[in-house]
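Some notes on the structure that comes next.
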Amino acid sequence: MNNLNEIIHDFVAEGFQRGWKHIDASQIAADQTLEADVVIAGSGAGGGNAAEILAQAGLNVIIVEEGPLQTSRDFHMKEDEAYSKLYQESASRYTKDRGIKIFQGRMVGGGTGINWTTSFRTPASTLNFWTKEMGVKGFSEDEMRPWFEWVEKRYNIRSWIVAPNANNNALEKGCAKQGISWGKIRRNVMGCLNLGYCGTGCPVNAKQSTLVTTIPGALKGGATLISKARAETFELKNDKIEVMTCRSMTPLGNAPAKHSINIKARHYVLAAGGIGSPAILMRSENKILNPYGLVGKRTFLHPVNVSGAIMPYPVNGEYGAPQTSYSNHYIETRLDNKKSGFSLECPPLQPMLVATNLEGHGKVHAEIMRQRPFLQVLIALQRDGFHPESIGGSVYLKTDGTPGLDYKVSGYVWKGIRDAFLVMAEIQFAAGAKAVSPVHRDATLYYSLNKVKKAIETLPMEILKARLFSAHVMGGCSMGEDTTKSVVNSKGRHHEVENLSVFDGSVFPTSIAANPMESIFATTAKFATELAKNLVS
Amino acid sequence: MLTRRHLLQKSAISGITLLAFENCLASQLIPAAPEGLGHSFEFLTPYDRGILSKLTPVILAEALPKSTEESGQAIKEVIVGWDNAVSGLPTLTQKEIRKLFSVLDSNFIFSLTPRLLTGVPEAWNDPSEIEDFLYSWYISDPESLITGNELRIGYMGLVELTMAVWYGNPRSWDFCGYAGPPDLL
Ligand SMILES: Cc1cc2nc3c(=O)[nH]c(=O)nc-3n(C[C@H](O)[C@H](O)[C@H](O)COP(=O)(O)OP(=O)(O)OC[C@H]3O[C@@H](n4cnc5c(N)ncnc54)[C@H](O)[C@@H]3O)c2cc1C
Ligand code: SF4
């Protein structure tokens, strides 16, 4: 990797060498008290994006991030390294009943550092739902368009014209054969080598994560980054926040260490993501932060189920941009909410990700792993939060104050999951699969469409049997104008506490019904621009 | 005539002898912990290591190298990998895993959960018995009155971590047809 470092210019690491302000809190020797105009908890899509806007407006910004600062030279395309260092709970976070495995980033850059670069604007149907049903103001398609355009420029979101890898190609082929609409995904990359390792951190700085775009932008504007520090609570006086208390983390990053860092600011921005942001409010135990008990409620996941297929040709889904093709057919044809809608995509297929998310063990598991190069995988993401039954999950605090999520899959969404198993199997057989296996405890490999169809009709749709996943945590600090039904207003400002905002995916009142990153960028760009104006004037 | 007091005394004594007996049995039944490639273990006790050394071949099956020597080495690496992986998990998760191992140790001196309920093998030397036990955890249902979902969740923990550690290890890549990260040069 040394030679590589000479070729690939790690401009982020160099920036720090030149003097961008950074404190690695795992290395500090004493408690600290700091002051700023704005302190931001979390450096992911929302936090990184807002940091640049606020810093470039001339405000003195501090960013506090629980995860480590790692830059391109640290990204070796190795799964074992990446999941333990860069993911929340070493990529083994689960919902309370273990029904859904949750992937979230935990690093400078948050989810954008390890996500798959899929970029969608918020669907018009979602924006309309918020406006009509959730009391959100200023989020019409017309009002949002300039923000999407701005974001697409800032993060270089463009059409991806390189041919898809065989994994994504099968999705396209299968959908076309089935007469199901499909499309090409836009990506936030610049100079992408089509490697396929977005999930372990981009080794060539092609992915336009906040780590390589807006966080450097904020640092150039004089911001200070504190890594390996966890924001714990707010302390209030006269209904205003006086201080944000943080704790240093151990060098390994999995546990709190002994030093406290107290930060006083004019304004406090929560951007610790779904689960993370509600947790800070809940830990603070102050009624005014959560007067109606809504904090952490309505947390959505786009619950994902998975279908594996054995193709007659090598797929090698570990290589090539991981997600380039999608189908929204079952979103668009189910907008009336009579049935739960879902989108279809592909995941990357590096061995550790495949092996840990397959069912079973022993001979059967080994046999599928032996055939892994021929494996084609589809995932279906349910559009949760639009139906009265689909109320999402609630964040809770564990005995040590760390957060968890209690999410019960509704009967309504389970039906959508069963439908998705069938649709995925149909697409895979149409694309030429030899055999298909729904990732479900009671399923096996099925060598014909008829057989898999029959099986799917009777497979129990229950947690711990149908394996479910999520890489999209949204909601928990819903926005809206009704102060009794939402946590923040349509500008991301807390309804009750004047010097507090939430700028991340937790403000969404439903799921997005598309991969959320671009929605978070656009929403928080809008919020931060307005806040900067207020604070500067 | 035996008084109640005598009876109590007697049972106390047999309790002690039983414990001593179990102790001595335990030292025979516990699979020897493989030494750790010079690794100093943070989390796994010799007990845990012994159990993992027996579970790993059943979990990974054909995915382990064929020769005894290579598979022995692989198992050691899985165990070291386990220790590293668990050390990086949140403290509460570590506690859960500790609980899991104490259930697996239930044969032995820490009799926390009756073996009958958990199906933990009596002897860890018979792979088919280990497979039966793992399978019973695999298919255990939430409806099961006493354990609920716990065995199924325990199963997932054991299997997922073992898979993660093994398939994150380049030694496994040949088997699963993975050429490794692309060479950027
Ligand atoms: C593997 C994976 C692939 C994905 N692929 C895509 C994709 O292709 N397209 C897409 O649109 N979306 C994708 N997503 C989702 C997307 O990345 C997230 O929705 C997005 O990053 C969320 O932004 P956020 O600002 O809400 O939170 P995050 O980006 O998660 O940032 C929150 C940050 O806060 C930190 N934090 C948490 N608690 C604290 C605390 N108490 N104190 C300090 N810091 C804290 C976290 O460590 C984290 O870095 C993917 C996610 C994952 C995990
Ligand atoms: S596919 Fe492109 S963006 Fe993703 S890791 Fe590879 S080079 Fe980076």
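Computed from a predicted structure; not experimentally measured. A note on names: the letters A, B, ... follow the listed sequences, proteins ahead of strands, and every chain is numbered from 1.
- At a cut-off of 3.5 Å, with distance as the only test, a side-chain donor of B:Glu77 or B:Gln73 sits close to an acceptor on the other residue.
- Under the 4.5 Å side-chain criterion, counting only non-hydrogen atoms from C-beta, B:Thr162 is not in contact with B:Leu55.
- Per-residue heavy-atom pair counts under 4.5 Å with chain B were compared for A:Lys398, A:Glu89, A:Glu367, and the maximum is reached by A:Glu89.
- A donor-acceptor contact closer than 3.5 angstrom links the side chains of B:Thr45 and B:Asp48.
- A cation-pi arrangement is found for B:Arg98 relative to B:Phe43, the charged atom lying closer than 6.0 Å to the ring centre and inside a 45° cone about the ring normal.
- Between A:Arg283 and A:Glu232 there is no salt bridge, since none of the side-chain N atoms of the basic residue sits less than 4.0 Å from a carboxylate O of the acidic one.
- Interface summary for chain B: among A:Asn357, A:Leu375, A:Asp442, A:Leu195, the most heavy-atom pairs under 4.5 angstrom belong to A:Leu195.
- Contacts of A:Leu464 with chain B are made by both backbone and side-chain atoms, with heavy-atom separations under 4.5 Å.
- Listed options B:Ser87, B:Gly81, B:Pro57 were ranked by heavy-atom pairs under 4.5 angstrom with chain A; first place goes to B:Ser87.
- Looking at B:Leu60, only its backbone comes within 4.5 Å of chain A, counting heavy atoms on both sides.
- Chosen from A:Glu81, A:Lys101, A:Lys78, A:Glu462, the residue pairing most often with chain B at heavy-atom distances under 4.5 Å is A:Lys101.
- The neighbour count for B:Lys95 NZ, taken as heavy atoms of other residues, nucleotides or ligands under 6.0 Å away, does not exceed 12.
- Looking at B:Trp173, only its side chain comes within 4.5 Å of chain A, counting heavy atoms on both sides.
- Without hydrogens or angle criteria, A:Glu79 side chain to A:Met352 main chain gives a donor-acceptor distance under 3.5 Å.
- The aromatic rings of A:His361 and B:Tyr138 stand perpendicular to each other, their planes meeting at an angle above 60°, with 30° marking the opposite boundary.
- Residue A:Arg93 does not touch chain B at all, counting heavy-atom pairs closer than 4.5 Å.
- Heavy atoms closer than 4.5 Å to chain B are found nowhere in A:Thr200, neither backbone nor side chain.
- Options A:Leu193, A:Asp97, A:Thr356 differ in how many heavy-atom pairs under 4.5 Å they form with chain B, and the most are formed by A:Thr356.
- Chosen from A:Arg98, A:Arg441, A:Gln371, the residue pairing most often with chain B at heavy-atom distances under 4.5 Å is A:Arg441.
- For A:Ser84, no part lies under 4.5 angstrom from a heavy atom of chain B.
- Heavy atoms of A:Phe374 lying under 4.5 Å from chain B are absent altogether.
- Contact of A:Gln350 with chain B is made through the side chain alone, with heavy-atom distances under 4.5 Å.
- Residue B:Thr56 does not touch chain A at all, counting heavy-atom pairs closer than 4.5 Å.
- In this structure, the portion of A:Tyr94 lying under 4.5 Å from any heavy atom of chain B is its side chain and not its backbone.
- Salt bridge annotation for B:Glu62-A:Arg370: absent, with no cationic side-chain nitrogen under 4.0 angstrom from a carboxylate oxygen.
- Between A:Tyr319 and B:Tyr178, the two ring planes are parallel [angle under 30°; tilted spans 30° to 60°].
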